[in-house]
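Here is the structure we will look at, set down as structure tokens.
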Amino acid sequence: MFEREVYEKRREKLREILEDGLVLILGNDEAPMNYPANPYHFRQDSNFLYFFGLDEPGLAGIMDMEEEGGDIIFGDDIDVEDVIWMGPSPSLKEKAEQVGIKKTRPFNSLQDFLRDAISRGRKVHFLPPYRGEHLLRLAHLLGIRPEAVKHWVSVDLIRAVVELRSVKGPEEIQQMEIASDITAEMHLRAMKRARAGMYERELAGEIEGLAISLGGYISFPVILTIRGEILHNHYHGHILREGQLLLVDAGAESPLHYAGDMTRTFPVSGKFTPRQKEIYEIVLSAQKKAIENIKPGVYYREIHLLAARIMAEGLKELGLMKGDVEEAVSQGAHALFFPHGLGHMIGLDVHDMEGLGEDYVGYDETVKRSDQFGLAYLRLARKLQEGFTLTVEPGIYFIPALIEKWKGEGKHREFIDYDKVEEYLDFGGIRIEESVVVTDEGCRILGKPVPKEPDEVESLRA
Ligand code: GLY
């Protein structure tokens with residue numbers, strides 16, 4: 001974990017934003033895979049990690065917004081049976097002291113503590129639960145029906161947490177560099193090892209294992225596919241064949257659970273075909289221009305639209321799109337090829353804070369979510385600030401079902417040459433992604449560089 005002062009300062013800052021009440025943050029518990037004692041890899045709740053740092057199940061934290069020193073960790077000391085099966089562990093008191101908390105109480109006293117506070121008229125702020133178990137626990141602790149929990153979620157707390165977690169401190173950037181370095185190693189390994197005749201799963205397993213061996217864990221399930229047009233394709237059962245493109249979208253967590261996220265698309269044979277290279281260069285140019293234009297004060301929505309225009313321009317040069325590029329993008333015609341947003345916040349979660357509600361994280365009173373197909377999926381639209389960390393991940397995809405649907409509807413016929421597009425139905429998709437940190441006058445790519453220029457990719461593949 002970080003130094004104790006980091007957690008003390010975070011809780012102090014929350015107290016400066018939220019005027020009153022208690023804040024309840026539930027830590028995660030073990031989640032069973034197929035029977036109770038056989039759990040998935042444990043992942044602590046990111047908000048609990050942010051304020052309380054302790055990376056183990058069975059804990060809850062209370063922060064008192066009106067009393068410095070009123071913060072409490074609820075949990076239990078382990079007994080001799082736990083020691084036999086899981087090994088020794090410091091006492092709860094010792095662990096709490098490591099993050100600057102003096103008060104600890106048994107977990108089963110949390111309900112009485114909260115009900116007593118509520119009976120004295122104190123407000124209890126809590127965040128939206130994303131696990132069914134937490135939904136039920138909140139209902140039980142607070143004496144409300146599970147269906148009512150969502151009505152009592154604290155929007156003030158959501159906004160305060162988003163304000164704090166959006167701007168990363170130097171210790172967080174350092175963790176994100178570590179995560180991005182491990183992520184880079186995963187991609188370099190896939191780029192060096194991919195060969196025609198292999199199964200996708202051989203590579204997917206290898207890079208996941210590499211993340212673990214380097215001290216991380218995957219930050220989201222590995223996407224490694226020759227069907228790159230399926231945006232989040234987790235199927236790994238195809239055999240790689242000469243002439244295909246392989247899209248790898250994968251990332252690792254740092255030891256303190258900050259996420260890496262990167263995408264590379266490269267030819268299974270050593271070289272891009274001319275057609276693959278043409279599309280690749282369009283995506284690369286959009287990605288590089290987007291990165292060049294990121295700086296504090298710029299709306300990420302504008303960067304998304306800039307990338308969209310560059311890709312529409314490139315597709316027009318190839319005869320796939322036509323007409324006025326500005327108009328095509330403003331009407332959303334490019335979304336046939338680029339149906340997702342340019343990127344998202346990244347931090348303790350790969351889609352940082354998404355569980356709190358995307359609109360609180362990526363939008364504000366100055367920019368509202370569009371309902372236009374494509375633009376509507378943009379997770380981050382708001383004005384960028386120094387210290388934000390985010391992904392930049394344009395892509396061009398040929399999605400047969402979408403092409404067929406739009407063609408059938410005659411959609412955006414003035415901007416799309418469907419006859420030409422149909423020549424690309426077997427193309428797949430290309431995405432190129434990096435994570436960046438917004439600096440005082442621009443942005444910096446996180447982690448060790450991984451080739452993305454076509455000639456660099458080809459020489460690495462060779
Ligand atoms: N890189 C995976 C995602 O952004 O969802």
Side-chain angles (χ1 to χ4, degrees), residues 43 46 130 165-166 176 179-191 200 203-204 207-208 210-211 216-236 245-254 257-266 283-284 286-287 290-291 294 300-301 303-304 307 335 338-359 361-363 369 374-381 388-397 399 428-437 445-447 450 452:
R43 176 54 158 80
S46 296
Y130 54 91
R165 281 184 54 189
S166 292
M176 298 205 55
S180 302
D181 282 346
I182 302 175
T183 298
E185 294 299 344
M186 294 164 74
H187 283 270
L188 287 167
R189 177 69 65 89
M191 289 170 91
E200 293 164 332
L203 282 173
I207 65 172
E208 185 162 337
L210 182 65
Y217 191 76
I218 47 170
S219 46
F220 59 94
V222 169
I223 298 164
L224 186 150
T225 180
I226 51 163
R227 299 285 310 277
E229 80 283 7
I230 303 173
L231 300 183
H232 279 177
N233 193 353
H234 293 131
Y235 177 73
H236 296 146
L245 287 171
L246 182 64
L247 184 150
V248 182
D249 182 350
E253 289 193 340
S254 71
H257 302 292
Y258 285 81
D261 187 2
M262 177 184 270
T263 307
R264 287 291 183 268
T265 311
F266 55 86
V283 179
L284 182 60
Q287 204 243 8
I291 290 176
I294 289 174
Y300 204 52
R301 187 180 193 275
I303 307 285
H304 168 90
F338 176 39
H340 61 76
L342 183 64
H344 49 82
M345 294 281 231
I346 180 167
L348 275 167
D349 308 300
V350 66
H351 291 179
D352 210 21
M353 301 169 276
E354 196 165 290
L356 303 182
E358 235 174 59
D359 284 355
V361 179
Y363 292 81
R369 191 183 285 275
L375 195 52
Y377 301 134
L378 182 58
R379 294 191 158 100
L380 173 61
F388 278 16
T389 47
L390 50 119
T391 66
V392 189
E393 48 180 313
I396 291 182
Y397 313 89
I399 306 168
I430 292 179
R431 177 161 69 251
I432 304 172
E433 172 184 23
E434 252 123 11
S435 300
V436 304
V437 52
I445 295 175
L446 291 164
V450 172
K452 62 181 176 182

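One-based numbering, in listed order, for ligands and for the atoms of each.
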Practice task
List the closest protein heavy-atom neighbour of atom 5 (O) of ligand 1: residue, atom name, distance to the nearest 0.1 Å.
Solution key: His351 NE2, 2.7 Å
Practice task
Would you indicate whether the side-chain heavy atoms of Arg264 and Lys452 approach each other to under 4.5 Å?
Solution key: yes
Problem - Among His344, Arg165, His257, the one residue meeting side-chain hydrogen bond (donor to acceptor under 3.5 Å, both in side chains) with Asp349 - result: Arg165
Problem - Close-contact set for ligand 1 against Phe220 heavy atoms, below 4.0 Å - result: 1 (N), 2 (C)
Handout entry: Tyr377 ring center near His304 ring center (under 6.0 Å)
Key = no
Exercise for the section: Could you list the atoms of ligand 1 found under 4.0 angstrom from a heavy atom of His344? Expected result: 4 (O)
Exercise for the section: Go through the side-chain N and O atoms of Asp261 and Thr391 and say whether any donor and acceptor fall under 3.5 Å apart. Expected result: no
Exercise for the section: For residues His340 and Tyr397, establish whether the separation of their ring centroids is below 6.0 Å. Expected result: yes
Exercise for the section: Could you tell me whether some N/O pair between Asp261 and ligand 1 is separated by less than 3.5 angstrom? Expected result: yes
Exercise for the section: Pull out every atom of ligand 1 sitting under 4.0 Å from any heavy atom of His232, numbered as shown with elements. Expected result: 2 (C), 3 (C), 5 (O)
